[in-house]
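Below is one structure, written out as structure tokens; the observations come after it.
Note: hydrogens, waters and symmetry copies are ignored here, and every other heavy atom, side chains too, is used. Just so it is clear, the structure is predicted and the values come from calculations on it, not from any experiment.
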Amino acid sequence: MDGEKPVIFKGRKDGLDVWLDDKPDFDAIREAFREKTESSGNFFNVADMKVSFTGRRLLDEQRDELMEILAKSIEIPPAPDIGGGEEPCRDEAVESCARQGLDERAAVFHNGTLRSGQSVRYAGDVIVLGDVNPGAEVIAEGNIIILGSLKGTVHAGCAGDDRCFVSAVALVPIQLRICDKLTHALAGRRRAARAVPSYAFLQDGQIYVAPLVN
């Protein structure tokens, strides 16, 4: 690798390879990484972004910091407003999820924060007692409940159940899927994250978001 460039990006079909020089201190690497992401425009507009770091060993908190910078750099295209105004059938959606959700489906608990590169996959509901950081993912055939901040990637109802939902104390994922529907729109609101716990659900083929409490 060219030693004059402390950070080098190489795109691949399913994500991004990042080479980091092991000579500079981390502060210099972080700033070079920030400059690189800011100058790369829409380079990061890909689905299912998977990021690998090579060239130097990173601490977990350093990896999370770089992933947070990357998440903030993603340019999100305009999307239908999924917050505010009249939200269709919100109460009915919650009632349906309650009837078909936790009381009829097995659930798995993950205790602690999911960091970049970590994944939880389960044929039922997934409940995370902590945050889901950028670069981490949760995939469930059932509902996904995050008792913390959701800033990574989630896919609820991955086997085709469109009644599933995703909820979190702070709902600001890089990517959110329910059944076969996908949205990046919430990541674009990262700097103005919702102050109240919220949930995402499907209605008429569209992903909507509503507060868990009125």
Worksheet item: Can you name the nearest heavy-atom pair linking Asp131 to Ser149, along with the distance?
Response: OD1-N, 2.7 Å

Worksheet item: Counting distance only, does the side-chain N/O of Asp125 pair as donor-acceptor with the main-chain N or O of Gly142 below 3.5 Å?
Response: no

Practice prompt. Look at the side chain of Glu65 and the backbone N and O of Gln62, then say whether any donor-acceptor pair between them is shorter than 3.5 Å.
Written response: no

Response to the item:
Value for CZ (Arg163) from CZ (Phe201), rounded to nearest 0.5 Å, stands at 15.5 Å

Worksheet item: Looking at CD1 of Ile144 and SG of Cys158, how far apart are the two atoms once the value is rounded to the nearest 0.5 Å?
Response: 8.0 Å

Discussion item. Quick test of your reading of the model: are Arg115 and Glu61 salt-bridged, counting only N-O distances below 4.0 Å?
Written reply: no

Worksheet entry | Point-to-point distance, once rounded to the nearest 0.5 Å, from CZ of Arg177 to NZ of Lys181 | 11.0 Å

Worksheet entry | Partner residues of Asp162 under the side chain to side chain contact (heavy atoms under 4.5 Å, CB included) criterion, sequence neighbours left out | Cys179, Leu202

Worksheet item: How far apart are the closest heavy atoms of Gly135 and Ile174, and which atoms are they?
Response: N-CD1, 4.5 Å

Worksheet item: At their closest point, which heavy atom of Pro24 faces which heavy atom of Arg56, and how far apart are they?
Response: O-NH1, 2.9 Å

Practice prompt. Report yes or no: does Asp204 contribute a side-chain atom to a donor-acceptor pair with the main-chain N or O of Gln206 at less than 3.5 Å?
Written response: no

Fill in: Asn143 (side chain) donor-acceptor with Phe165 (main chain) under 3.5 angstrom
yes

Worksheet item: Looking at side-chain heavy atoms only, is the closest gap between Leu171 and Val166 below 4.5 Å?
Response: yes

Practice prompt. Write down the atom of Ala156, the atom of Cys164, and the distance for their closest heavy-atom approach.
Written response: CB-CB, 4.2 Å

Practice prompt. Write down the atom of Gly124, the atom of Ala140, and the distance for their closest heavy-atom approach.
Written response: O-CB, 3.3 Å

Practice prompt. Check side chain to side chain contact (heavy atoms under 4.5 Å, CB included) between Val18 and all other residues, then give those that pass, not counting sequence neighbours.
Written response: Val7, Phe9, Leu16, Leu20, Phe33, Val51, Phe53

Discussion item. For Asp17 and Thr54: C-alpha separation, side-chain torsions, deciding distance, then whether side chain to side chain contact (heavy atoms under 4.5 Å, CB included) applies.
Written reply: CA-CA 8 Å; Asp17 290 323; Thr54 60; 6.0 Å; no

Fill in: Between CZ on residue Arg121 and CD1 on residue Ile139, distance to nearest 0.5 Å
3.5 Å

Discussion item. Set out, in order, the CA-CA distance, both residues' side-chain angles and the distance that settles side chain to side chain contact (heavy atoms under 4.5 Å, CB included) for Thr113 and Asn133, then state yes or no.
Written reply: CA-CA 7 Å; Thr113 291; Asn133 285 348; 3.6 Å; yes

Fill in: Step-by-step side chain to side chain contact (heavy atoms under 4.5 Å, CB included) determination, Val172 to Leu150
CA-CA 6 Å; Val172 285; Leu150 169 54; over 6 Å; no

Worksheet item: Do the non-hydrogen side-chain atoms of Gln175 and Leu182 ever get within less than 4.5 Å of each other?
Response: yes

Item to complete: Begin with the C-alpha distance, continue with both residues' side-chain angles, and end with the deciding distance and a verdict on side chain to side chain contact (heavy atoms under 4.5 Å, CB included) for Val128 and Ile145.
Response: CA-CA 6 Å; Val128 178; Ile145 299 172; over 6 Å; no

Response to the item:
Sequence neighbours excluded, the answer for side chain to side chain contact (heavy atoms under 4.5 Å, CB included) partners of Ser116 is Arg63, Asp64, Met67

Discussion item. Ignoring hydrogens, what is the shortest heavy-atom contact between Tyr122 and Ala106? Give both atom names and the distance.
Written reply: OH-CB, 3.6 Å

Worksheet item: Roughly how far apart are His110 NE2 and Leu114 CG, rounded to 0.5 Å?
Response: 4.0 Å

Worksheet item: From Gln203 CD over to Ile178 CD1, what is the distance, rounded to the nearest 0.5 angstrom?
Response: 11.0 Å

